[in-house]
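Worksheet: the structure to be examined is printed underneath.
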Amino acid sequence: MKLGAIEAGGTKFVLAVGNDQGEILEKEVIPTEHPDITVPKVISFFKDKGIERLGLGGFGPIDINETSKTYGQLQKTPKTDWVDYPLGAALKEGLGVPVKIDTDVNVAAMSEAKWGGNATDVDTCLYITVGTGIGAGAYFHGQTLKGLSHSEMGHIKVRRHPDDTYEGTCPYHGDCLEGIAAGPSLEKRWGGKKGHELAEDDQVWEMEAFYLAQALTSYIYILSPERIIMGGGVMKQKQLFPLIRRKVLEMLNGYVSSPYLTEQEIDNYIVFPGLTDEAGVKGALYLAMKE
Ligand code: ADP
Ligand code: ZN
């Protein structure tokens, strides 16, 4: 059976035809432009490929509630050309196949658990990206986390670091987690240098880990995932991992009892992604297959 998969990102769309064994048979990458340009290109790529269903993991906010009238419709996205664009409906109409939509981070979490990533040995995991924004997706026992729509774990409040006076970049909340810890705010706070140019500055990463560890601690309390995977541009600073792990253990202070949450096991609990380039598109393929 042939299935279609799309990883819809803010800068590019990855289009793939795959099968129900998780193999990618054909792939093409196109830039994210105005939907009137991008969507016809997507439709013409899939049109004669004989796909039976399509899965899409996308940037958001996007309506992922299947019972909603606006399922698959983009919402208040910073990509202004796409605000309120009915992406799911346009693809369904253009291709005449069922279309399943989820967030990029939800499908990445599912991919890491299902298609040979760093969570194949557990039934629950959380995937967090720390890049231009901060978002997290959760995979629990065969399903990704959905409710009203998707969660917005990047926008929680965290306690301010005593040495931090930076006001934050989130247009909605100022100093929410994304507003003070995503890539762009890091760069602005520390004098306009690029993230990789700050690599040697310990203070930068101590503060970053202080914020990310608070968020992880809250996610552990609320969701109790068996693994936490951290990806995105900022997490290329590998020195963050040991800092975050240590601070998470300190903040939990032994309150949650689990063999994972120990000095010995924390390195296997908070980890980097196992799937790199294909995590998104493979997750979308799994979404199409799952029906
Ligand atoms: P996106 O979130 O747009 O998909 P990325 O995950 O690559 O893309 O995130 C881009 C952000 O990550 C940029 O704001 C940049 O600050 C930061 N970034 C990218 N590479 C590095 C790096 N090597 N070290 C630190 N920060 C980085
Ligand atoms: Zn916010």
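One-based numbering, in listed order, for ligands and for the atoms of each.
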For the Zn ion (ligand 2), angle spanned by His155 ND1 and His173 ND1 (nearest 10°) is 100°
Taking atom types as modelled, find out whether Glu226 and Thr124 have a side-chain donor-acceptor pair closer than 3.5 angstrom. yes
Find out whether the Lys NZ or Arg CZ of Lys49 is both under 6.0 angstrom from the six-membered ring centre of Phe45 and within 45° of the ring's axis. yes
With respect to Gly131, determine whether any N or O atom, backbone or side chain, lies less than 3.5 Å from an N or O atom of ligand 1. no
Taking only heavy atoms of Pro184, which atoms of ligand 1 are found under 4.0 Å from at least one of them? 14 (O)
Which of the numbered atoms in ligand 1 are under 4.0 angstrom from any heavy atom belonging to Gly183? 14 (O), 16 (O)
Measure the distance from atom 12 (O) of ligand 1 to every protein heavy atom, then report the residue, atom name and distance (to 0.1 Å) of the closest one. Gly233 CA, 3.5 Å
Flag if over 12 foreign heavy atoms under 6.0 Å of NZ, Lys238: yes
If you measure every N or O of Glu187 against every N or O of ligand 1, does any of those distances drop under 3.5 Å? yes
Do Val281 and Leu56 share a hydrophobic cluster, counting only Ile, Leu, Val, Met, Phe, Trp and Tyr and linking them when any side-chain heavy atoms are less than 4.5 Å apart? no
Are side-chain heavy atoms of Ile51 and Leu3 found at a separation under 4.5 Å? no
How about Gln239 and Gln237: does a side-chain donor come under 3.5 Å of a side-chain acceptor? yes
Starting from atom 24 (N) of ligand 1, what is the nearest protein heavy atom, named by residue and atom, and what distance separates them? Gln237 NE2, 2.7 Å
Those atoms of ligand 1 less than 4.0 Å from some heavy atom in Gly232: 6 (O)
For Trp205, is at least one N or O under 3.5 Å away from an N or O on ligand 1? no
side-chain contact (heavy atoms from CB on, under 4.5 Å) filter on Tyr71, not counting sequence neighbours, yields Glu66, Lys100, Ile101
How does His196 reach ligand 1, if at all, at less than 4.0 Å between non-hydrogen atoms: by side chain, backbone, both, or neither? both
Which atoms from ligand 1 have a heavy atom of Thr132 less than 4.0 Å away? 1 (P), 2 (O), 3 (O), 8 (O), 9 (O), 10 (C), 11 (C)
Ser149 side chain to Asn65 side chain, donor-acceptor N/O pair below 3.5 angstrom: no
